**Q** 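Can you keep this structure in mind? I'll have questions shortly.
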Number of protein chains: 2
Amino acid sequence: MEDLTEMLKGTLEGCVLEIIGSEETYGYAITRRLNELGFTDVVEGTVYTILLRLERNGLVQVTKRPSGVGPPRKFYALNDAGREELARFWAKWQYVSSRIDRLRKGGR
Amino acid sequence: MEDLTEMLKGTLEGCVLEIIGSEETYGYAITRRLNELGFTDVVEGTVYTILLRLERNGLVQVTKRPSGVGPPRKFYALNDAGREELARFWAKWQYVSSRIDRLRKGGR
DNA sequence: TGCCGGTACTTCGTGATACCGAGTACCGCT
DNA sequence: AGCGGTACTCGGTATCACGAAGTACCGGCA
């Protein structure tokens with residue numbers, strides 16, 4: 001699929017939030033997960049900027065753990081604020097995607 | 001609904017394309033149409049920048065016509081390139097929204 | 001006649017976001 | 001010692017929606 005970057009703006013962060021919400025994980029693995037979900041062009045740099053933003057905004061709890069196969073990993077888990085933000089994200093997604101689908105089928 | 005601007009990035013242009021594709025129309029009316037579709041916070045300035053971009057990218061044909069109730073209107077219609085771009089937009093939307101919905105329901 | 005509200009478009013600047021590239025660093029294997 | 005895979009950081013760029021201000025046309029009303 002051709003370039004999706006513009007369309008992912010505003011949704012990619014929500015996807016990362018959802019992934020973290022379903023299991024405590026770290027940046028490199030999140031990138032791989034997004035890639036296998038179909039977002040093949042998402043690269044590490046993008047995910048890390050999102051993770052730093054989530055951390056700065058106080059939506060996640062971070063734990064550093066040694067890896068055994070490389071440098072230590074920063075594991076991310078949602079806190080209460082993160083879970084609320086995730087719920088808001090899905091509400092927005094539901095709202096936007098339903099309106100766009102409606103526009104697609106004949107509008108009104 | 002709270003702020004949707006980030007989530008609309010990359011999709012609002014496609015929505016405008018769809019509206020123009022279904023009927024030849026002009027900026028002010030497109031804004032009202034988007035508002036009644038549920039995108040209540042979209043303002044004229046946003047739509048006009050999109051329209052100028054579409055024109056600059058050669059996706060639309062523009063016709064200026066007097067209005068009778070105000071200044072002349074710039075009517076927009078899709079050309080062949082615009083119809084192709086619209087098709088590409090819906091293909092991308094289909095791709096992205098289906099993956100996100102899949103992520104939402106349990107992932108895999 | 002003068003002013004106001006609604007219609008209609010333009011332009012400049014701002015903020016948020018995804019992306020890119022380069023760099024740093026840890027590890028096991030050869 | 002070097003290499004590839006793992007893992008994170010940082011600085012800069014492009015794109016996009018938005019805000020604010022300005023211009024301009026028109027009808028109606030005091």
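If you're wondering where the values come from, they're calculated on a predicted model, not measured in any experiment.
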**Q** Indicate, with a heavy-atom threshold strictly under 4.0 Å, whether A/E44 touches base, sugar-phosphate, or nothing.
**A** nothing
**Q** Under 4.0 Å, heavy atoms only, any strand: does A/L52 hit a base, just the sugar-phosphate, or nothing?
**A** sugar-phosphate
**Q** Atom CD of B/E55 and atom C1' of C/dT10: how far apart are they, to the nearest Å?
**A** 12 Å
**Q** Atom pairs, N/O to N/O, protein against nucleotides 24-30 of chain D, distance under 3.5 Å?
**A**
none

**Q** Could you tell me how far apart B/E13 (CD) and D/dC16 (P) are, to the nearest whole angstrom?
**A** 6 Å
**Q** Under 4.0 Å between any heavy atoms, over every strand shown, what does A/S67 touch: base, sugar-phosphate, or nothing? Just pick one.
**A** sugar-phosphate
**Q** Measure CG/B/L17 against P/D/dC16 and give the value in whole Å, please.
**A** 12 Å
**Q** Return the set of residues passing side chain to side chain contact (heavy atoms under 4.5 Å, CB included) with B/A91 (not counting sequence neighbours), or none when no residue passes.
**A** none
**Q** Can you check the B/D3 CG to D/dA17 P distance for me, whole Å?
**A** 13 Å
**Q** Counting only side-chain heavy atoms from C-beta out, which of D/dT6, C/dA18, C/dA8 sits nearest to A/Y28?
**A** D/dT6
**Q** Base of D/dT15, side chain of B/K9 - is there a donor-acceptor contact under 3.5 Å?
**A** no
**Q** Heavy atoms under 4.0 Å, any strand shown: does B/T46 hit a base, just sugar-phosphate, or nothing?
**A** base
**Q** Please report the distance, rounded to the nearest Å, between CE in A/M7 and C1' in C/dT17.
**A** 15 Å
**Q** Measure the shortest side-chain to side-chain distance between B/R102 and B/K105 over non-hydrogen atoms and say whether it is less than 4.5 angstrom.
**A** no
**Q** For the pair B/R65 and B/E24, find out whether any cationic side-chain nitrogen is under 4.0 Å from an anionic carboxylate oxygen.
**A** yes
**Q** Which residue is it: A/L12, A/L86, A/I50? I am looking for the one with a side chain to side chain contact (heavy atoms under 4.5 Å, CB included) to A/L17.
**A** A/L86
**Q** Are OP1 or OP2 of D/dA7 and a side-chain N or O of A/Y26 less than 4.0 angstrom apart?
**A** yes
**Q** Pick base, sugar-phosphate or nothing for B/I50, based on heavy-atom distances below 4.0 Å to the nucleic acid.
**A** sugar-phosphate
**Q** Look at the side chain of B/N79 and the backbone N and O of B/G58, then say whether any donor-acceptor pair between them is shorter than 3.5 Å.
**A** yes
**Q** Whether A/Y48 contacts D/dT9 is assessed here as follows: a side-chain N or O lying under 4.0 Å from the phosphate OP1 or OP2. Is that the case?
**A** no
**Q** How close or far is atom P of C/dT14 from atom CD of B/E6, stated in whole angstroms?
**A** 17 Å
**Q** Using the rule given for salt bridge (charged side-chain N to carboxylate O under 4.0 Å, His left out), can you reason through B/D101 versus B/R104, listing the C-alpha separation, both sets of side-chain angles and the distance that settles it, and then say yes or no?
**A** CA-CA 5 Å; B/D101 286 334; B/R104 187 181 189 178; 5.0 Å; no
**Q** Please give, in whole Å, the distance from C/dT10 P to B/L54 CG?
**A** 13 Å
**Q** Are there more than 12 heavy atoms of other residues, nucleotides or ligands under 6.0 Å from atom CD of B/Q61?
**A** no
**Q** From CZ of A/R65 over to P of D/dA7, roughly how many Å is that when rounded to an integer?
**A** 13 Å
**Q** Please, which pairs that meet salt bridge (Lys or Arg N to Asp or Glu O under 4.0 Å) have at least one residue in residues 7-16 of chain B, sequence neighbours excluded?
**A** B/E6-B/K9, B/E13-B/R53
**Q** For a quick test of reading the model: is some side-chain N or O of A/K74 closer than 4.0 Å to OP1 or OP2 of D/dT9?
**A** yes
**Q** If only side-chain N and O atoms of A/R53 are considered, is one of them under 4.0 Å from the OP1 or OP2 phosphate oxygen of C/dT17?
**A** yes
